[in-house]
Amino acid sequence: MCGIVGYIGKRRVVPILLEGLKRLEYRGYDSAGLVYIDTDASLKRHRFEGKLANLEEHMEALNVDSHIGLGHTRWATHGAPSKANAHPHCDCSGDLVVVHNGIIENYHALRDELTARGHKFNSETDTEVLAHLIEENLDKDLAAAVRKSLKKVEGSYALAVLWAKQPDRLIAARNHSPLVLGVQEQGGSFLASDIPALLPYTRKIIFLEDQEMAILTADSWQVMDLDNGAPIDKEVHTINWNAAMAEKTGYKHFMLKEIFEQPLAILNTFRGRLDPETGQVNLPEAELDPDFLNSIKRISLVACGTSWHAALVAKYWLEKWTGIPVEVDIASEFRYRTLLLDDSVLVVPISQSGETADTLAGMRRAKQFGAKVVTICNVVGSTMTREANGTIYTHAGPEIGVASTKAFTSQLTALFLLTMLIGQERQTIKPDQARELAQALIELPDLIEKELPRLLDETDRLAEDFTKCRDFLYLGRGCNFPIALEGALKLKEISYIHAEGYPAGELKHGPIALIDRDMPILALAPKDGVYDKVISNVEEVKARHGRLIMIGSNDDDNLQRITSDIIQLPTVLEDLNPILYTIPLQLLAYQIANRRGCDVDQPRNLAKSVTVE
Ligand code: AGP
């Protein structure tokens, strides 16, 4: 997610912008820039690839006397990290600039239209279309031009705009991407993507909501409806967080913040890629042409850790909906074993970081065999995305917690989209099925959003009884077996409790010997095609006085008969249970680790990206 800071007031703006961007660095970025109106009334823009320090060093040499400006740190989504793609972006005149966080879904069409009307583009970003669009609608009033322009924009944005010809104001607008305002009694108005940037100057914060815009001047602020311009009364909140808490927007850990960001991460991953009416999927950056899609003989999924669990789930989806055989490999095995690959094989390395050594090595080997390599990755411009033939980006935003959460559910979302793309092209998914799959995915973010607060409470209560356990067993069947693995990995990596995930049907082939009153057994039991089988496995545990935790469906009265430790979830399309059922497992691991006083965000011995063998 990008970082935005803006200020207008009596103070010098550059130090405020740099300090604010520094306090947003935790969000992750790959370039930085700022803009201000100089004493000659012209806009001055300074942009650098890489760390904020590059921009800071450059600005130190300049003695800028300006009192209005915007700053930005970019987390690349469209266009690799570079100075040309760094924000702020300007219009053709150079008198108007924008900074933006979010995804403009229809930017291709807008860019084509604007280019046809003579606009010259200087970046690969989706953001730049906003500058040229506003330029076209500029008359005398910047706010009116912004409102008129945004009516043509589809997608998510936290947007700030500055125009040299109206140097007494900043315009801000928000839709599905956070943006806050800050105000000072003695004058001075601020805007930022997140509260930490403003805390050194004010604790008086106004939260913009979706489809709201604001006009900020040196001694006033007003908020209005983006659609009709009607004024909106807004509450001014007083924030009592310290800086560390503010980076986590009040959550105790980044992991918890990122668990709660999953609805937005899933939404942003399918946004602009899925037609809600037809279910049609488009993944242009994957570079998968119809001829190749119809020629695929085998699919090979390669990953490590949590990303490998995503691959295991995708095997169920791809084989069910495309009829193509799928192999799944742990990358550290894949890179050394005999590989039988050729140009009829689609190899999909899956990686949050795009830098995991084993997965990268596996990808390079696959390319030597002439296989088509399309990576699923969360970091634009990472090594894997630069070396693959194509990329499907997860738009989860930077994941700070070492234990992967929102990146995992975003990987599953991207893999589900890939499944739909291939199935639609090979006609193994019929149009009515495509619509059903699409609708189920589209409804998922809101459903998870609604369940999260209850699940946080229920896992907190559950954790009380299990914090002292030394061993855990997680059971699942079918496409939920990999979620049992993921739940076990989450618990072991942040609480240091030994945990194993097992196919429920494997219980009697060994693990049943482990059952005693001390080892909790968590079973995933949604009402799906293998529900009865899971229940019979669970009965085997119950008969041996095992301690059961059941994660099942809201409408399943059977669960109470088995155990009192239950978490129940809404019914969704069976294929999407892996995404939904991951959430309580993430939270249970978090609650137990937190109670054990573990370093949840930076567990011992672990790195966020394993860039060595
Ligand atoms: C997940 O919680 C772990 N942090 C780890 O297993 C991780 O998934 C694995 O190292 C792969 O990382 P990647 O997705 O960046 O390639």
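Counting starts at 1 for both ligands and their atoms, following the listed order. Quick caveat: nothing in here was measured; it's all calculated off a predicted structure. Just so you know, residue 1 is the first one in the sequence shown, and it goes up from there.
- For the pair K248 and D601, the salt-bridge criterion is not met [side-chain N within less than 4.0 Å of a carboxylate O].
- The protein non-hydrogen atom at the shortest distance from atom 4 (N) of ligand 1 is V402 O, 2.8 Å.
- Taking a cut-off of under 4.0 Å to the non-hydrogen atoms of K490, the atoms of ligand 1 that pass are 1 (C), 2 (O).
- At a threshold of 4.0 Å, the pair E399-K406 does not count as salt-bridged, since none of the basic side-chain nitrogens sits closer than that to a carboxylate oxygen.
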Q: List the steps and the verdict of salt bridge (charged side-chain N to carboxylate O under 4.0 Å, His left out) for R595 and D460.
A: CA-CA 9 Å; R595 285 170 178 274; D460 188 30; 2.8 Å; yes
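- Distance from atom 11 (C) of ligand 1 to its nearest protein heavy atom, with residue and atom name: C304 O, 3.5 Å.
- The atoms of ligand 1 that sit less than 4.0 Å from any heavy atom of A403 are 2 (O).
- The contact set between ligand 1 and S404, taken as ligand atoms under 4.0 Å from a residue heavy atom, comprises 1 (C), 2 (O).
- If you check which protein heavy atom lies closest to atom 10 (O) of ligand 1, you get V610 CG2, 4.0 Å.
- Residue Q352 places at least one N or O, backbone or side chain, under 3.5 Å from an N or O of ligand 1.
- Seen from the ring of Y496, R604 counts as a face-on cation partner, given the 6.0 Å and 45° thresholds.
- Judged by distance alone, with hydrogens and angles left aside, the side-chain atoms of D599 form a donor-acceptor pair with the main-chain N or O of Q602 at under 3.5 Å.
- Of all heavy-atom pairs between C2 and H72, the closest is CB-NE2, 3.3 Å.
- Assignment of S609 to the shell around ligand 1 is not supported, since no heavy atom sits closer than 4.0 Å.
- Looking at K320 and D575, a side-chain N of the basic residue comes within less than 4.0 Å of a carboxylate O on the acidic one, giving a salt bridge.
- Looking at atom 15 (O) of ligand 1, its nearest protein heavy atom turns out to be S353 OG, 2.7 Å.
- When only non-hydrogen protein atoms are considered, atom 5 (C) of ligand 1 lies nearest to T306 N, 4.3 Å.
- The protein heavy atom nearest to atom 16 (O) of ligand 1 is T356 OG1, 2.5 Å.
- A perpendicular orientation is assigned to the rings of H309 and F408, their planes being inclined by more than 60° (bins at 30° and 60°).
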Q: Decide salt bridge (charged side-chain N to carboxylate O under 4.0 Å, His left out) for K22 and E25; before the verdict, give the C-alpha distance in whole Å, the side-chain angles of both, and the deciding distance to 0.1 Å.
A: CA-CA 5 Å; K22 202 180 294 178; E25 278 193 295; over 6 Å; no
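- What sits closest to atom 2 (O) of ligand 1 on the protein, heavy atoms only, is E493 OE2, 2.5 Å.
- Closest to atom 14 (O) of ligand 1, if we only count protein heavy atoms, is S307 OG, 2.6 Å.
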